[in-house]
Amino acid sequence: MKRPWKTIAFGFIGMVFLVVMFAGAYINNIGFHNLKLMYTLSTTEKLIVSMDRVGHYLAREDRSVELLKERIGSKGWSYVEQEGSNYFFEKGNEEAIVTIQQWNHKFVIYQVKDNVINIAD
């Protein structure tokens with residue numbers, strides 16, 4: 001007589017193994033640091049967080065262009081023009097170029113050339 005509980009147990013262990021493997025692959029692909037940033041944006045009032053010290057910032061996809069213009073405008077910069085995914089701003093004799101890159105379906109990355117403006121919350 002077969003024991004069905006062994007089959008169920010092996011099936012359950014196999015499913016747990018697959019879930020752990022897929023979760024590990026997802027975290028490895030995104031990066032644990034970036035996963036923490038995504039969690040911060042999803043669970044707090046922060047709208048833009050710094051990804052590194054060279055000018056990469058992460059934000060939610062919704063309102064990404066308007067948020068960028070508002071944030072940089074609040075720091076005294078004026079919007080000049082857009083060319084593709086590059087947005088140009090100026091303040092006196094200085095120029096800032098910000099590139100928006102769609103990272104996944106919920107988040108965008110702002111890349112501030114030469115990190116001339118800190119746009120994080």
Side-chain angles (χ1 to χ4, degrees):
M1 181 173 165
K2 286 193 168 191
R3 297 184 181 170
W5 61 271
K6 283 186 178 181
T7 305
I8 292 171
F10 283 123
F12 180 74
I13 291 170
M15 291 295 284
V16 169
F17 179 75
L18 287 175
V19 167
V20 168
M21 290 297 294
F22 282 120
Y26 180 75
I27 291 171
N28 187 43
N29 185 36
I30 290 179
F32 186 70
H33 174 70
N34 294 336
L35 192 62
K36 289 190 311 186
L37 295 176
M38 292 166 54
Y39 180 77
T40 299
L41 287 172
S42 297
T43 59
T44 65
E45 297 295 318
K46 292 186 177 190
L47 300 175
I48 302 174
V49 293
S50 178
M51 296 179 78
D52 54 33
R53 295 179 183 197
V54 294
H56 293 94
Y57 299 89
L58 186 65
R60 293 179 59 97
E61 191 274 334
D62 52 328
R63 294 186 51 237
S64 59
V65 174
E66 295 84 14
L67 177 61
L68 175 66
K69 289 178 181 178
E70 288 171 12
R71 183 61 53 91
I72 292 182
S74 71
K75 298 191 184 273
W77 292 77
S78 301
Y79 171 73
V80 177
E81 67 178 331
Q82 173 192 358
E83 288 184 19
S85 61
N86 296 315
Y87 293 82
F88 296 85
F89 299 88
E90 63 183 18
K91 180 179 181 181
N93 293 333
E94 295 181 279
E95 180 182 68
I97 303 170
V98 181
T99 303
I100 299 179
Q101 174 187 359
Q102 186 73 40
W103 190 43
N104 65 24
H105 66 282
K106 289 187 179 182
F107 298 95
V108 295
I109 296 175
Y110 298 123
Q111 181 176 355
V112 180
K113 185 175 180 194
D114 298 329
N115 203 19
V116 296
I117 310 167
N118 181 357
I119 60 173
D121 287 330

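Values below: all heavy atoms of this structure, side chains included; hydrogens, waters and symmetry mates excluded.
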> With respect to Tyr57, which candidate in Asn115, Leu68, Ile109, Ile117 satisfies the side-chain contact (heavy atoms from CB on, under 4.5 Å) definition?
Replying inline: Asn115
>> Would you compute the distance between atom CD1 of Ile48 and atom CG of Asn118 and round it to the nearest 0.5 angstrom?
In response: 9.5 Å
> Between atom CG of Leu58 and atom NZ of Lys106, what is the distance when rounded to the nearest 0.5 Å?
Replying inline: 12.5 Å
> Atom CG of Leu35 and atom OG1 of Thr40: how far apart are they, to the nearest 0.5 Å?
Replying inline: 9.5 Å
> Between Trp103 and Val108, is a side chain to side chain contact (heavy atoms under 4.5 Å, CB included) present by the stated rule, with each step listed?
Replying inline: CA-CA 5 Å; Trp103 190 43; Val108 295; 5.8 Å; no
> How long is the gap from OG on Ser64 to OH on Tyr87, to the nearest 0.5 Å?
Replying inline: 7.0 Å
> Is any side-chain heavy atom of Asn34 closer than 4.5 Å to a side-chain heavy atom of Met51?
Replying inline: yes
> Can you name the closest pair of heavy atoms from Leu41 and Arg60 and give their distance?
Replying inline: O-CD, 3.9 Å
> Between Ile97, Val98, Thr99, which is the residue that forms a side-chain contact (heavy atoms from CB on, under 4.5 Å) with Lys113?
Replying inline: Ile97
>> Can you give me the closest heavy-atom contact between Val112 and Val116, atom names plus distance?
In response: CG1-N, 3.8 Å
> Which pairs with one or both residues in residues 66-87 pass salt bridge (Lys or Arg N to Asp or Glu O under 4.0 Å), sequence neighbours excluded?
Replying inline: Arg63-Glu70, Arg71-Asp121
>> How long is the straight-line distance from CD of Gln102 back to OG of Ser85, given to the nearest 0.5 Å?
In response: 11.0 Å
> Atom CD1 of Ile13 and atom CG of Leu18: how far apart are they, to the nearest 0.5 Å?
Replying inline: 12.5 Å
> Does a side-chain heavy-atom distance below 4.5 Å link Val65 with Gln82?
Replying inline: no
>> Using side-chain heavy atoms (C-beta onward) and a distance below 4.5 Å, is Ile100 in contact with Tyr110?
In response: yes
>> By the salt bridge (Lys or Arg N to Asp or Glu O under 4.0 Å) test, which pairs, at least two apart or in different chains, include something from residues 90-101?
In response: none
>> I need the minimum non-hydrogen distance between Ala120 and Ser50, along with the two atoms involved.
In response: CB-N, 3.8 Å
